[in-house]
Amino acid sequence: MPRRAMEINEGSGTDSASLDDDNSEPLVEHLAPDDAEPMDTTPVVAVAEAPGVEDIPAVPASDIVTGTYEWEVKNWSQLDDKEWSERFEVADRSWRIMLFPRGNAVKVDISQPQFASVYVECPDLDLEEPGWGLLAAFSITLVNQLDPLKDFRKETKHNFMAHSADWGFAEFFQLTELREGAGWMVDDTVVIRVQLSIDVKQSSCYDSRKETGFVGLRNQGATCYLNSWLQTLFNLNVFRQAVYHIPTTEESEPSKSIALALQTLFYQLQYSKRAVSTEDLTKSFGWDSTGSHMQEDVHEFNKILCETLELKMKGTKVCGLTDKIFSGHIVKSIECINVDFKSEKKDMFQDIMVDVKGCANVYDSFDRITAQDKLEGENQYDCEGHGKQDAKIGDLYEELPPVLQLH
């Protein structure tokens with residue numbers, strides 16, 4: 001099993017000597033057997049845009065955050081062509097090791113030595129704004145489990161960006177060295193250590209949580225309407241607390257439970273340091289990737305969501321809470337003008353559709369929707385016992401809810 005990140009602290013990087021000169025580049029497939037690069041089938045352009053080691057200046061130790069992680073790779077002989085370590089955090093960022101046990105370089109001569117390829121990846125950089133970069137120096141070490149003095153180590157520096165999120169060595173170590181007795185493999189297990197030094201001041205990073213106290217939601221394609229409404233619901237404290245009180249089981253998966261997915265999303269909005277994904281929630285709706293790229297009506301979406309949650313709340317202490325939050329009372333009335341007749345019907349509502357065209361503000365909109373209409377001429381009201389009569393018809397909002405929804 002992978003080991004946990006060992007430490008994250010302030011200070012300078014390690015001063016151990018490297019066993020090899022730095023020859024790292026962005027990870028792309030290549031032909032030259034001596035080149036080391038980062039991994040991606042895209043872009044030779046990415047290679048050109050990514051700064052080289054010589055372009056990155058040294059920085060004061062006080063601006064550096066460091067961390068060390070060891071990955072115990074078991075059953076080496078049975079590994080797939082590509083493996084990832086568990087994620088670990090350094091400088092509030094998620095990292096992982098990417099391993100190609102039999103190499104990822106394209107070889108023109110199979111008689112040449114075969115190498116394992118190892119890279120360090122910052123997998124969530126595609127979520128950042130264009131141009132966002134994270135400056136890091138790091139070493140990758142093949143640990144000799146019998147003699148620490150024989151550890152094999154390579155070092156490099158890289159500006160991790162969305163188009164260049166991994167960096168390392170296509171030819172990290174020869175596979176012929178992985179033999180029992182040499183110390184780099186013991187009981188079919190290899191240990192890879194990564195030491196990262198992050199220059200937090202040189203990294204262009206906007207910390208939304210620090211600056212505003214909030215983080216946002218990622219757009220899956222056409223989910224801006226969804227994101228806007230989910231953030232509205234999240235910021236209704238009483239609604240958020242009601243969602244947290246919906247019974248769910250530990251065995252449930254968020255992508256298969258709307259209640260658990262919404263609980264998880266609200267928790268992440270409350271405590272995550274980065275923008276939050278809505279993928280588990282949309283999957284729990286039964287949407288595929290096509291559904292996430294189709295614009296929906298936010299009013300209809302909210303109606304269905306609240307009905308679904310209310311079913312989950314039945315029998316709990318938050319049962320009926322959505323009605324208490326969003327429901328008000330309206331009185332629909334009809335009053336005849338020339339005879340003594342008036343009919344009133346009281347009903348519940350959860351939202352109000354208002355006109356905005358020609359209205360200077362919401363008060364004008366309310367004046368318009370509460371104005372009485374006349375039923376006369378061909379539209380006369382058929383009053384029981386009095387026949388056709390001129391009448392006034394209108395709506396009176398007798399009681400507004402704690403949270404009034406207008407659309």
Side-chain angles (χ1 to χ4, degrees), residues 84 86-87 89 93-94 96 123-128 208-209 213-327 348-351 401-403 405-407:
W84 281 275
E86 290 184 349
R87 295 192 179 202
E89 284 202 1
R93 284 286 162 178
S94 179
R96 62 184 177 184
D124 297 328
L125 288 181
D126 60 328
L127 308 176
E128 302 293 348
S208 176
R209 174 71 70 191
F214 299 93
V215 295
L217 294 172
R218 303 176 205 149
N219 193 342
Q220 293 188 52
T223 56
C224 49
Y225 73 95
L226 171 71
N227 291 359
S228 299
W229 188 243
L230 288 174
Q231 289 179 90
T232 300
L233 294 177
F234 168 77
N235 282 286
L236 298 175
N237 184 57
V238 64
F239 183 85
R240 185 170 72 245
Q241 293 302 317
V243 169
Y244 285 157
H245 280 88
I246 298 174
T248 54
T249 62
E250 293 182 1
E251 292 76 21
S252 299
E253 295 180 28
S255 62
K256 297 179 181 179
S257 166
I258 292 177
L260 183 58
L262 193 60
Q263 288 174 342
T264 303
L265 185 140
F266 278 4
Y267 179 86
Q268 291 172 336
L269 281 174
Q270 199 165 352
Y271 296 105
S272 173
K273 296 178 180 179
R274 301 286 172 242
V276 177
S277 171
T278 58
E279 287 187 13
D280 279 343
L281 183 62
T282 56
K283 285 179 181 177
S284 73
F285 297 158
W287 297 0
D288 55 17
S289 57
T290 303
S292 299
H293 285 76
M294 294 177 62
Q295 188 75 31
E296 301 286 351
D297 180 70
V298 67
H299 170 248
E300 186 63 24
F301 162 77
N302 178 59
K303 183 179 178 181
I304 295 172
L305 177 64
C306 286
E307 287 175 354
T308 302
L309 293 177
E310 193 59 52
L311 288 175
K312 297 290 184 181
M313 293 177 182
K314 276 189 175 180
T316 72
K317 64 180 180 180
V318 289
C319 179
L321 196 59
T322 56
D323 282 342
K324 293 177 183 177
I325 298 172
F326 299 117
S327 294
M348 288 179 63
F349 70 92
Q350 286 201 332
D351 51 69
V403 178
Q405 302 179 79
L406 305 178
H407 67 101

Task: Which atom of E310 lies closest to which atom of C319, heavy atoms considered - done: OE2-C, 3.6 Å

Open item on the list: Could you check whether any side-chain heavy atom of L233 comes within less than 4.5 Å of a side-chain heavy atom of N302, counting everything from C-beta outward?
Closed with: yes

Open item on the list: Within the structure provided, determine whether F239 and L309 are in side-chain contact (heavy-atom separation under 4.5 Å).
Closed with: yes

Open item on the list: Could you report the tightest heavy-atom contact between P401 and F349, atom names first, then the distance?
Closed with: CD-CZ, 3.9 Å

- [ ] Check whether any side-chain heavy atom of F326 lies under 4.5 Å from a side-chain heavy atom of L236, and answer yes or no.
- [x] yes

Task: NZ on K303 to NE2 on H407, rounded to 0.5 Å - done: 9.5 Å

Open item on the list: For a quick test of reading the model, state the closest non-hydrogen atom pair linking F266 to R240 and the distance between them.
Closed with: CD2-CG, 3.7 Å

Open item on the list: Let me confirm one number: the OG1-CD distance from T278 to Q268, rounded to the nearest 0.5 Å.
Closed with: 10.5 Å

Open item on the list: Any non-hydrogen side-chain atom of D280 less than 4.5 Å from a side-chain atom of L265?
Closed with: no

Open item on the list: Nearest 0.5 angstrom please: S94 OG to K273 NZ, how far?
Closed with: 12.0 Å

TODO: For L226 and L217, run side chain to side chain contact (heavy atoms under 4.5 Å, CB included): C-alpha distance rounded to whole Å, both residues' side-chain angles, the deciding distance at 0.1 Å, then the answer.
DONE: CA-CA 10 Å; L226 171 71; L217 294 172; over 6 Å; no

Task: Inter-residue atom distance W287.CH2 - L281.CG, 0.5 Å rounding - done: 8.0 Å

TODO: Over all heavy atoms of both residues, which pair between I246 and A259 is shortest? Give the atoms and the distance, please.
DONE: CG2-CB, 3.8 Å

Open item on the list: Within the structure provided, determine whether T316 and H245 are in side-chain contact (heavy-atom separation under 4.5 Å).
Closed with: no

Task: Flag side-chain contact, heavy atom, 4.5 Å: L262 against L230 - done: yes

Open item on the list: Show the nearest heavy-atom pair for residues L269 and R209, with the distance to one decimal.
Closed with: O-NH2, 2.7 Å

- [ ] Report the relative orientation of the aromatic rings in F285 and F301; use parallel for angles under 30°, tilted for 30 to 60°, perpendicular for over 60°.
- [x] perpendicular

Open item on the list: Do T232 and W229 make a side-chain contact, defined as non-hydrogen atoms from C-beta onward lying under 4.5 Å apart?
Closed with: yes

Open item on the list: For a 4.5 angstrom cut-off between non-hydrogen side-chain atoms, does L321 reach K324?
Closed with: yes

TODO: Could you pull out the closest heavy-atom pair between H299 and D351, with the gap in Å?
DONE: NE2-OD2, 2.9 Å

Task: CG on D124 to CZ on R93, rounded to 0.5 Å - done: 7.5 Å

- [ ] Please assess Q350 against S327 for the test side chain to side chain donor-acceptor pair (under 3.5 Å), listing each intermediate value before the final yes or no.
- [x] CA-CA 4 Å; Q350 286 201 332; S327 294; 3.2 Å; yes

